[in-house]
S.K.: 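Dropping a structure here in structure tokens format, bear with me for questions.
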Amino acid sequence: MTITVKFFSLIREAVATEQLTLEISENLLTVEALKAELSLRGEAWEEALSHPNLIQAVNQRVVFQEEGIKDGDEVAFFPPMTGG
Amino acid sequence: MTITVKFFSLIREAVATEQLTLEISENLLTVEALKAELSLRGEAWEEALSHPNLIQAVNQRVVFQEEGIKDGDEVAFFPPMTGG
Amino acid sequence: MLVHVTDRAIDPGNLAAAFYRHHPDAAVTTFSGFVRDFNDAGQVDSLYLECYLEMATRVLTDLGNGAAQRFGLRAWQIVHRYGHLQPSDPIVFVATSADHRGEAFAACEFVMDTLKTDAPFWKREHYGEIGQWVTVKDIDKDRRDRWSEKDSDQ
Amino acid sequence: MLVHVTDRAIDPGNLAAAFYRHHPDAAVTTFSGFVRDFNDAGQVDSLYLECYLEMATRVLTDLGNGAAQRFGLRAWQIVHRYGHLQPSDPIVFVATSADHRGEAFAACEFVMDTLKTDAPFWKREHYGEIGQWVTVKDIDKDRRDRWSEKDSDQ
């Protein structure tokens, strides 16, 4: 299945990536599993994605990392928001 | 001494008077005494000026009826305010 | 002009635009109240707002200065209409600016809550041939008193 | 447009003027936040506001609709800037209207408190050659949490 992954702010800088389009196996069922998979890309990835304040969103909604992923989903990783 | 007395809203209507310029004796030392003096003008005056919610101001500041009056003062009587 | 009490129409849009332009402080709040076309009894056709003009200007000036000191405002403005008004006409405009939004919001609401019961205006609502002076609402007294309780806490 | 997220300059004066004109409801509140030229560390020369655009529009729309339902609003609007900004540039504009001022004020403040921590924007402040991501302030978390406590009281 195909998903889009986006990174913002500090996390974007740490992994030097704004957006990925990923072909992933059907076994990758949750955000948590996706994080583990992406962490294999190197130390910077592992560190950024294990940050205790990391926020994850699926299809533009903030979710717990146990949230499921399905084909076509948009997943995003970012630090706490500072709008307004 | 000379004072100005103003009436607003319900009180103005009850006494059918917007404003008075009064020559009063030096003995009329307080707002309370002025109210007693004006109440002699008739039942409508007595009733309006004895209203439990009556507010009095001297020189545009809300005061207790024990407040003193001096030459040139502006005294006003009105019901609770409903601005905004 | 910090305080303006007038029997001419007021335009909160223009007032807000000017205030925002002149005071781009970190946090800027504006409020405007408009004549309702309803009250507890039903339809309201028009409103007469009586005013003790000299005292109104004085009370609103003291109120704005007090709010500025209490909430650390950078700027403020209060504009109040009196005279004959129709439903949807603006009655009052208040603007406050501060370094933080909590202060800007609180000051704006404090000014509104206080002027409702402390500024010398009296509303008379008209429905057809009937006119009736508006009495002070308990909620307005309660809202006013919230701020006094905070005073005594300090 | 109820929600507008844009990298073009926004004009809270014009926005307020239009909102007041179209929604002369009994009680109308507007708020605008502007870029500070200072922070805890000193001077700020410019601000970069990063945005997750699709999510921002969605979060702000949900937030406005939620506020409308919770506070019984008659109308609301949220406009948020992103991109490169200078001190005194407007960042955000929020307007709310209701039958009573308590609801209009509370809704406007609720929207501001919530979007500070829940809308996907990230501030990076620049001073000279130095740039630094702004971290969430405890006061912003506390202000956000005030509204959740009220939720659970109900």
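Convention: sequence-line order gives letters A, B, ...; per-chain numbering from 1. On a predicted model such as this, the values are computed, not experimentally measured, just so you know.
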S.K.: Please determine whether the number of non-hydrogen atoms from other residues, nucleotides or ligands lying under 6.0 Å from atom CD1 of C:I139 exceeds 12.
M.R.: no

S.K.: Just give me the residue among C:E54, C:M112, C:R81 that pairs up with chain B most often, heavy atom to heavy atom, under 4.5 Å.
M.R.: C:E54

S.K.: Do other residues, nucleotides or ligands put more than 12 heavy atoms under 6.0 Å from the CD atom of B:E47?
M.R.: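 Counting other residues, nucleotides and ligands, CD of B:E47 stays at 12 neighbours or fewer.
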
S.K.: How far apart are the closest heavy atoms of B:F7 and C:E50, and which atoms are they?
M.R.: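 Taking B:F7 first and C:E50 second, the nearest heavy atoms are O-OE2, 4.5 Å.
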
S.K.: Name the region of C:L115, side chain, backbone, both or neither, that has any atom closer than 4.5 Å to a heavy atom of chain B.
M.R.: both

S.K.: Which of parallel (below 30°), tilted (30 to 60°) and perpendicular (above 60°) describes C:W122 and B:F8?
M.R.: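 Parallel: the ring planes of C:W122 and B:F8 meet at under 30°.
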
S.K.: Without swapping roles, check the side chain of C:R124 against the backbone of B:L10 for a donor-acceptor pair under 3.5 Å.
M.R.: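 No, the answer is negative, given that no donor and acceptor are paired below the 3.5 Å cut-off.
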
S.K.: Within the structure provided, determine whether B:N59 and C:M55 are in side-chain contact (heavy-atom separation under 4.5 Å).
M.R.: no

S.K.: Quick check: are there more than 12 heavy atoms from other residues, nucleotides or ligands sitting under 6.0 Å from CD of B:E18?
M.R.: no

S.K.: For the backbone of C:T135 and the side chain of B:T82, can you confirm whether one donor and one acceptor N or O come within less than 3.5 Å of each other?
M.R.: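 Absent.
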
S.K.: Under 4.5 Å heavy-atom distance to chain B, tell me which part of C:D62 shows up: side chain, backbone, both or neither.
M.R.: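 Just its side chain gets close to chain B.
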
S.K.: Nearest heavy-atom pair of B:M81 and C:V136: which atoms, and what distance?
M.R.: O-CG2, 3.5 Å

S.K.: How far apart are the closest heavy atoms of B:K6 and C:Y52, and which atoms are they?
M.R.: CD-CE1, 3.9 Å

S.K.: Out of C:D140, C:V59, C:D118, C:T57, which one racks up the most heavy-atom pairs below 4.5 Å with chain B?
M.R.: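 Between C:D140, C:V59, C:D118, C:T57, the count favours C:D118.
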
